[in-house]
Engineer: 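Mind having a look at this structure? Questions to follow.
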Amino acid sequence: TQAHQDLKKQTQNLGIIKKGEYLFQGGWNEKLANPAYAGPPNMFALSRLLQVADLLGQFEIKVREYQVHDQGFRLHLHLHFLQGGVLGFTEERRVGLHRRRSLQIQLTDGNIHWKPSLKKENLFGQDLEFFYKRVKEGGGCYYDEGVMVELLRELERIG
């Protein structure tokens with residue numbers, strides 16, 4: 001989204017991460033609870049982890065806390081960046097929990113406190129356009145596929 005691109009420029013202008021916290025919370029329902037329909041819950045974090053890698057660089061997952069229960073799940077990770085710095089990453093879904101996302105990071109040259117707007121940006125349409133260009137015109141991905149594969153492996157080990 002444009003909001004992501006703006007945030008990426010802002011982070012690049014403020015240097016290297018020192019520390020931070022990323023939080024995503026949302027609701028839980030029967031469809032999400034059904035792995036045959038939605039996949040394993042720990043995989044829900046993939047898009048947000050790709051976002052973090054795009055914003056702040058490559059990282060390794062050092063701490064993994066993962067709980068699944070009837071009312072939802074909670075995944076907490078400590079992401080250690082290759083150039084230094086640590087980010088606490090939490091993805092939580094629970095019955096009745098309102099959707100919320102925030103990123104607070106301290107960088108070498110400043111701080112960012114980001115809460116995305118609730119404005120709809122037609123993400124499905126944008127993804128469809130990228131997919132079409134990739135299939136029909138040989139266009140590239142808007143994320144690093146190697147990073148995505150490694151994150152999928154990491155999330156699989158957690159689950």
Engineer: Heavy atoms only: give me the nearest Ala53-Val147 pair and the separation to one decimal.
Structural biologist: CB-CG1, 3.9 Å
Engineer: If you measure from the Lys or Arg side-chain nitrogens to the Asp or Glu carboxylate oxygens, is any gap between Arg153 and Glu156 under 4.0 Å?
Structural biologist: no
Engineer: How about His69: does its NE2 atom have over 12 heavy atoms from other parts shown lying under 6.0 Å from it?
Structural biologist: yes
Engineer: For Ala45 versus Leu75, what's the shortest heavy-atom pair and its separation?
Structural biologist: CB-CD2, 3.8 Å
Engineer: Which is it for Phe89 and Arg48 under the side-chain contact (heavy atoms from CB on, under 4.5 Å) test, yes or no, and what are the steps along the way?
Structural biologist: CA-CA 9 Å; Phe89 177 94; Arg48 282 166 283 284; 3.9 Å; yes
Engineer: Applying ring pair (Phe, Tyr, Trp, His ring centres under 6.0 Å), can you list everything that pairs with Phe24, at least two apart in sequence or on another chain?
Structural biologist: none
Engineer: To the nearest 0.5 angstrom, please state how far the CD atom of Gln106 sits from the NE2 atom of His113.
Structural biologist: 9.0 Å
Engineer: Which pair of heavy atoms, one from Gln25 and one from Leu23, lies closest together, and at what distance?
Structural biologist: CG-CD1, 3.7 Å
Engineer: Mark yes or no for whether Asp54, through its side chain, and Leu50, through its backbone, hold a donor-acceptor pair below 3.5 Å.
Structural biologist: no
Engineer: How close do Ile105 and Thr11 get, heavy atom to heavy atom, and via which atoms?
Structural biologist: CD1-CG2, 3.8 Å
Engineer: Among Val86, Ile61, Ile17, Val63, which one satisfies side-chain contact (heavy atoms from CB on, under 4.5 Å) with Leu79?
Structural biologist: Ile61
Engineer: Distance check, rounded to the nearest 0.5 Å: Gln5 atom CD versus Leu55 atom CG?
Structural biologist: 9.0 Å
Engineer: Any side-chain heavy-atom pair from Arg93 and Arg99 closer than 4.5 angstrom?
Structural biologist: yes
Engineer: Quick check for you: to the nearest 0.5 Å, what is the distance between Gln67 atom CD and Glu92 atom CD?
Structural biologist: 9.0 Å
Engineer: Could you tell me whether the side chains of Glu21 and Gln104 share a donor-acceptor contact shorter than 3.5 Å?
Structural biologist: no
Engineer: Mind running side-chain contact (heavy atoms from CB on, under 4.5 Å) on Tyr22 and Glu91 for me, showing each step along the way?
Structural biologist: CA-CA 8 Å; Tyr22 190 106; Glu91 172 112 7; over 6 Å; no
Engineer: Let me know which of Val52, Asn42, Ile158 forms a side-chain contact (heavy atoms from CB on, under 4.5 Å) with Leu77.
Structural biologist: Ile158
Engineer: So which heavy atom on Lys115 is nearest to which on Ser102, and how close?
Structural biologist: CG-CB, 4.0 Å
Engineer: Quick check: closest heavy atoms across Asn111 and Leu14, and the distance to 0.1 Å?
Structural biologist: O-CD1, 4.0 Å
Engineer: Is there a continuous path of hydrophobic side-chain contacts, each under 4.5 Å between heavy atoms, that joins Tyr66 to Leu152?
Structural biologist: yes
Engineer: Rounded at 0.5 Å granularity, tell me how far CG in Asp109 sits from CD in Gln12.
Structural biologist: 13.0 Å
Engineer: In Å and rounded to the nearest 0.5 Å, what is the CH2 to CG distance from Trp28 to Asp70?
Structural biologist: 10.0 Å
Engineer: Does Gln83 use its side chain to pair, donor to acceptor, with the backbone of Leu56 at less than 3.5 Å?
Structural biologist: yes
Engineer: Roughly how far apart are Thr108 OG1 and Ile16 CD1, rounded to 0.5 Å?
Structural biologist: 5.5 Å
